[in-house]
Amino acid sequence: MATLIDGKAIAAKVRAEVAAGVAEMKAKHGLVPGLAVMRIGEDPASKIYVTSKRKVAAELGFHALEVHLPEDVSHAVALERLQALNVDPAIHGILVQLPVPKQIDADSLLAALRPEKDADGLNAVNAGLLAQGRETTLPCTPWGVMRMLEEIGFNPMGKRAVVVGRSILVGRPMALMLVNASATVTICHRKSNLPEEVARGELVVVAAGVPELVKGAWIRPGAVVIDVGMNRLADGKLVGDVEFAAAAERASAITPVPGGVGPMTIAMLMKNALQNAQRTLRR
Ligand code: NAD
C-alpha cells in the first residue's frame with residue numbers, strides 16, 4: 001500500500017518559508033513585496049481562486065492587490081491596466097487569472113507582462129528560459145510537484161518519468177523541469193498508447209483533466225504517482241485523473257485528490273512573488 005503524499009502539510013511548510021522571507025525582506029531592506037492579481041469578468045471559479053490567492057498573500061505579509069476589470073472591458077484597456085502594474089514599483093509579482101473573456105487576447109496579455117514580474121511562469125520569455133534549463137520563474141503547479149518529490153526524498157535523476165498531458169500550464173513545463181533534473185522523460189497526450197507508456201514510469205505525473213483516466217493496473221509496482229487532475233463529478237465529488245484506490249495498491253507513494261497537488265499551487269505562487277522581489281535587490 002502506497003504512502004500518501006500530504007500536499008496540505010508540504011504547502012503549509014512552503015507558506016511558512018515565504019512568510020519568513022517576507023518578514024526578513026521588510027526587516028533588512030524595508031521592502032514589502034507586492035503581488036497583484038488581475039481578474040477580468042465574472043467567472044465564478046476565478047472569483048474564488050483570486051479571493052483565496054489575495055487572502056493567502058495578505059496573511060504571509062505581502063502587499064496584496066486585486067485588479068478586477070468588467071466582463072466587457074476592451075483588450076486595449078486591460079493592456080493599459082497591466083502596463084500600469086508593470087511599472088508600479090510596489091508590485092513584484094503579477095498574475096493574470098485565466099480564463100479571460102473572448103474579446104481579450106490572453107496570449108498577447110501574457111506576452112505584455114514584464115518577465116521579471118511574471119508570478120506564474122506563463123510568460124513566453126520565462127517558458128523559454130525553462131526550456132533552455134536556465135534560472136527563471138517557474139509555473140506554480142509543476143514547481144509544486146518538484147517540491148513534493150523533494151520532500152518525499154525522490155530524486156528524479158536517472159529515473160524513467162512519464163508525464164501525461166502537454167498543456168502550457170502543467171504537462172509541458174513539468175516535463176522540462178524533470179528533464180532539467182536529469183530524468184528520462186516521456187510526454188503522453190491523446191495519441192499516446194497510455195497503458196504501455198505509463199507502465200514504464202518509475203514516476204508518473206498525470207495532468208489530463210479526465211476523471212480516473214490512468215488505471216491502477218497500469219502502474220509499475222513501486223512507482224511514485226502524482227495526480228494533478230481535479231475533476232468535479234455530477235454528484236459533486238472531486239476526483240483526480242488517476243484511479244486512486246487501485247493505483248495506491250501498486251505505487252510506493254501517491255498524492256490524494258483533494259489534499260495533494262492542489263494546495264501546492266498557491267504556495268508556489270507566493271514563493272514566485274517573493275523571489276521576484278528578492279531578485280530586484282540583486283540588480
Ligand atoms: P488541459 O486541458 O490544458 O490539458 C490537458 C492535456 O492532457 C492535453 O495536453 C491533452 O493532450 C492531454 N489529454 C487529455 N485527454 C487525454 C487522454 N485521454 N489521453 C492522453 N492525454 C490526454 O489541462 P491542464 O490545464 O493541463 O489541467 C489538467 C488537469 O489538472 C485538470 O484536471 C485541471 O483541473 C488540473 N489542474 C490542477 C491544478 C492544481 O492546482 N492542482 C492546476 C492546474 C490544473
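Counting starts at 1 for both ligands and their atoms, following the listed order.
- Protein heavy atom nearest atom 25 (O) of ligand 1, with residue, atom name and distance: Leu169 CD2, 3.6 Å.
- Summarising the contacts of atom 6 (C) of ligand 1 with Pro139, Ala207, Gly171, the nearest heavy atom is found in Ala207.
- For Arg81, the CZ atom counts as loosely surrounded, since its 6.0 Å shell holds 12 or fewer non-hydrogen atoms of other residues, nucleotides or ligands.
- The protein non-hydrogen atom at the shortest distance from atom 22 (C) of ligand 1 is Arg190 CG, 3.8 Å.
- Remark: among candidates Val145, Thr141, Leu213, Val214, the nearest residue to atom 17 (C) of ligand 1 is Leu213, based on non-hydrogen atoms.
- In terms of protein heavy-atom proximity, atom 21 (N) of ligand 1 is closest to His189 C, 3.2 Å.
- Using a 4.0 Å cut-off between a side-chain N of Lys or Arg and a carboxylate O of Asp or Glu, Glu135 and Arg279 qualify as a salt bridge.
- Per-residue contacts place Leu194 under 4.0 angstrom from the following atoms of ligand 1 (heavy atoms of the residue considered): 19 (N), 20 (C).
- The neighbour count for Arg160 CZ, taken as heavy atoms of other residues, nucleotides or ligands under 6.0 Å away, does not exceed 12.
- Interface atoms of ligand 1 facing Asn231, defined by a heavy-atom separation under 4.0 Å, are 32 (O).
- Near Val170, with a cut-off below 4.0 Å to any heavy atom, the atoms of ligand 1 are 26 (O), 43 (C), 44 (C).
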Steps toward side chain to side chain contact (heavy atoms under 4.5 Å, CB included) verdict (Asn272, Trp143): CA-CA 10 Å; Asn272 268 339; Trp143 192 27; 3.2 Å; yes
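- By the criterion of side-chain heavy atoms lying less than 4.5 angstrom apart, applied directly or through intervening Ile, Leu, Val, Met, Phe, Trp or Tyr residues, Val164 is not grouped with Val170; the two fall into different hydrophobic clusters.
- The residues Glu66 and Lys53 are annotated as not salt-bridged, no charged nitrogen and carboxylate oxygen being separated by less than 4.0 angstrom.
- Taking atom 40 (O) of ligand 1 as the reference point, the nearest protein heavy-atom neighbour is Thr265 OG1, 2.7 Å.
- With respect to atom 29 (C) of ligand 1, the closest heavy atom belonging to the protein is Gly209 N, 3.6 Å.
- Counting non-hydrogen atoms of other residues, nucleotides and ligands closer than 6.0 Å to OH of Tyr49 gives a total of 12 or fewer.
- Closest to atom 26 (O) of ligand 1 among all protein heavy atoms lies Ser167 OG, 2.5 Å.
- For Lys55 and Glu59, the salt-bridge test passes: some basic side-chain N is under 4.0 Å from an acidic carboxylate O.
- Salt bridge absent: Lys47 and Glu42 never bring a charged side-chain N and a carboxylate O closer than 4.0 Å.
- Heavy atoms from both the backbone and the side chain of Val228 come within less than 4.0 Å of ligand 1.
- Given atom 12 (C) of ligand 1, the protein heavy atom at minimum distance is Gly165 CA, 3.8 Å.
- Ala208 O, 3.5 Å is the protein heavy atom nearest to atom 5 (C) of ligand 1.
- Both Leu98 and Val228 belong to a common hydrophobic cluster when Ile, Leu, Val, Met, Phe, Trp and Tyr are linked at side-chain heavy-atom distances under 4.5 angstrom.
- In the vicinity of Val210, heavy-atom distances shorter than 4.0 Å reach the ligand 1 atoms 15 (N).
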